[in-house]
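The chains referred to below are lettered A, B, ... by the order of the sequence lines, with proteins before strands, and numbering in each begins at 1. Heavy atoms only: backbone and side chains are in, while hydrogens, waters and symmetry mates are out.
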2 protein chains.
Amino acid sequence: MTAQGADVPEGDGQATARTAASPRTPDANVADANGAAIEVPAARERARSIPEAAVARLAVYLRALSSLAEQGITTVSSEELATAAGVNSAKLRKDLSYIGSYGTRGVGYEVEVLIGQIERTLGLTRKHSVAVVGIGNLGHALANYGGFPSRGFPVSALFDLDDDLVGVPVGGIPVSHIDDIVEVCFEREVTIGVIATPAQGAQEVCDRLVAGGVTCILNFAPIVLQVPEHVEVRKVDLAVEMQILSFHVARRQQETANAVDGAASSDGGPPGGGAGLPGEIDSANRMVERL
Amino acid sequence: MTAQGADVPEGDGQATARTAASPRTPDANVADANGAAIEVPAARERARSIPEAAVARLAVYLRALSSLAEQGITTVSSEELATAAGVNSAKLRKDLSYIGSYGTRGVGYEVEVLIGQIERTLGLTRKHSVAVVGIGNLGHALANYGGFPSRGFPVSALFDLDDDLVGVPVGGIPVSHIDDIVEVCFEREVTIGVIATPAQGAQEVCDRLVAGGVTCILNFAPIVLQVPEHVEVRKVDLAVEMQILSFHVARRQQETANAVDGAASSDGGPPGGGAGLPGEIDSANRMVERL
DNA sequence: TAGTGTGAATATTTTCACAGCA
DNA sequence: TGCTGTGAAAATATTCACACTA
């Protein structure tokens, strides 16, 4: 969850994305909105919301569906769509059930309908202005990226610290100075901030984005950002991804080793005391900083 | 909800796409009946039983620890480290318990020791050659990235389709042609392949990487890769991340709206047939393709 | 005394499996 | 007949809370 999900220690908020549970029952849960909303912290009412994990998958389904639509396909079964999305059909059906019942028994789903419903659920029927901070290699990549999704997530602001970069248009948009984040974000109604700066400045940048009214942040910097409750942060961490892959390689090798020898083996872990190769990982951790 | 916690998804949340993952898992550990694994299992057995989610977090702890080490701090309590990593201490302790008991009651953990143990667990005591395929904006960013982690994950090969690019050194390494993936990967013993190509060519590239002996793939292309059982795929999908953020914005707005009005619930779904704005999302789905 | 390590209690996700409808 | 929608069971993951010890 890629990660990302939310780990919420306790607080937890009351998510309320009407699930359209039972076809009928127009309000039903509106009731708890009463008590829950006011009952302070411990009010872990958790109305029936869409599971975090399911939300992430909905985006994947959406892509698969778009692809199908492009191919002119108008109907799909859960089985087919599941395959295209890389999940099993039971999970797919369950996920879709969270947003309502838009399938036809014995037939499947109408591609266009499903696309529309998922878009609605994900809030994609509205535009989300994006600001990219840190126009280094990655920032350039993001900014240049064909004007970003021509629609849906228009990049409307770029920021960097470097004076030589300020004013220079990247991907069609002139770079502004970091000092103007608050002002510019308000002006252009930026909703999503993408932090592609080195770790050092990230928190500061984050604070400014928040001050500028940004409520969603996609963080590429290798640090844990501190943000107020109402701000949502998702982190993309290349180093972590690589390390997870590394773990799997290691595990696999171990398995093989286990299977093969079975005896001999000098005990797990590398020789030497316990400090492994600290220096090695150190650089790995810095890996993304200048990405 | 927590904002912040975004990182470290639970289960899957974020980006893992284990394409051919067989939901199977017969009787995983249960130790291989036949001896062999009874003395050593400490590390081995343990390794395979670490929850996916915990593995991802270990990488995060590692970074926090490295940071502490740099500051000259030699000891940390679970509370402190947890804060630095953005999780709660209970979870952190549980995670650490998966790799062994390296703390001192009443005191905390020795930074260096923990670093060493986590590195070992993640298999970071060995180098993992990386190949980047698709030297577009993102590919450049990855390749240029200071030679990638000077150690740990050296980029040892770059590939692209463009003849004008072949031979040109990027980040110090000359770009090879995609047709030579298999050969070069074997030659340079590439373990991790990073796919930064448009969606179209991704599967093909993936197949070649696998043929070249690559067992881990980090996929930036917006498609679900088909791979054999023994290959591990992790997916980083910008479009998905953005859409998840979008979802949270939408949910939040709904909550506010709900709280305010509270009546007049027009029931789910936009009027009309229900197709939403297909065109809009379409572009969003293509968003990453040329990243 | 302060803080780890962990069994047990919860909470969340995933899978099953099947009733019910087009 | 074929496939969706979903309770309910099973599997995972997260939190609690506390015994235990350096």
Between [atom2] of [N] and [atom1] of [X], the distance in whole Å:
{"X": "A/Glu79", "N": "C/dA17", "atom1": "CD", "atom2": "P", "value": "15 Å"}
{"X": "A/Leu96", "N": "C/dT15", "atom1": "CG", "atom2": "P", "value": "15 Å"}
{"X": "B/Tyr98", "N": "C/dG5", "atom1": "OH", "atom2": "P", "value": "14 Å"}
{"X": "A/Tyr102", "N": "D/dT4", "atom1": "OH", "atom2": "C1'", "value": "15 Å"}
{"X": "B/Glu80", "N": "C/dG3", "atom1": "CD", "atom2": "P", "value": "8 Å"}
{"X": "A/Glu110", "N": "D/dT4", "atom1": "CD", "atom2": "P", "value": "13 Å"}
{"X": "B/Leu92", "N": "D/dC16", "atom1": "CG", "atom2": "C1'", "value": "16 Å"}
{"X": "B/Lys91", "N": "C/dA11", "atom1": "NZ", "atom2": "P", "value": "15 Å"}

Exercise for the section: May I ask you to evaluate whether A/Asn88 reaches the phosphate of C/dT15, defined as a side-chain N or O under 4.0 Å from OP1 or OP2? Expected result: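 It does, given that an N or O in the side chain of A/Asn88 lies less than 4.0 Å from OP1 or OP2 of C/dT15.
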Contacts of type side chain to side chain donor-acceptor pair (under 3.5 Å), residue [X], not counting sequence neighbours:
{"X": "B/Glu110", "answer": "none"}
{"X": "A/Ser77", "answer": "A/Glu80"}
{"X": "B/Asp95", "answer": "B/Arg57, B/Tyr61"}

Problem - DNA chain C: 5'-proximal contact among A/Lys94 and B/Gly108 (nearest heavy atom) - result: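 Nearest-nucleotide comparison on DNA chain C picks B/Gly108.
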Practice task
Tell me, please, which residues at least two apart from B/Arg93 pass salt bridge (Lys or Arg N to Asp or Glu O under 4.0 Å).
Solution key: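 Expected list: none.
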What pairs of nitrogen or oxygen atoms, one from the protein and one from nucleotides 19-22 of chain D, lie under 3.5 Å apart?
residue: D/dC20; atom: O2; partner: B/Arg105; partner atom: NH1; Å: 3.1

Nucleotide of [options] approaching [X] most closely (side-chain heavy atoms):
{"X": "B/Arg93", "options": "C/dT6, D/dT14, C/dT14", "value": "C/dT6"}
{"X": "A/Ala90", "options": "C/dC16, C/dT4, D/dA13", "value": "C/dC16"}
{"X": "A/Ser77", "options": "D/dT4, D/dC16, C/dG5", "value": "D/dT4"}
{"X": "B/Tyr109", "options": "C/dT4, D/dG5, D/dT15", "value": "C/dT4"}

Exercise for the section: State whether the side chain of A/Arg234 and the backbone N or O of B/Leu245 hold a donor-acceptor pair below 3.5 Å, judged by distance alone. Expected result: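 Answer holds: no.
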Exercise for the section: Please check if the side chain of A/Ser67 supplies one atom and the backbone of A/Arg63 the other of a donor-acceptor pair under 3.5 Å. Expected result: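 No: the side chain of A/Ser67 does not pair with the backbone of A/Arg63.
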Problem - Side-chain donor-acceptor pair present, A/His248, B/Glu52, cut-off under 3.5 Å - result: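 Result is yes, a qualifying pair exists.
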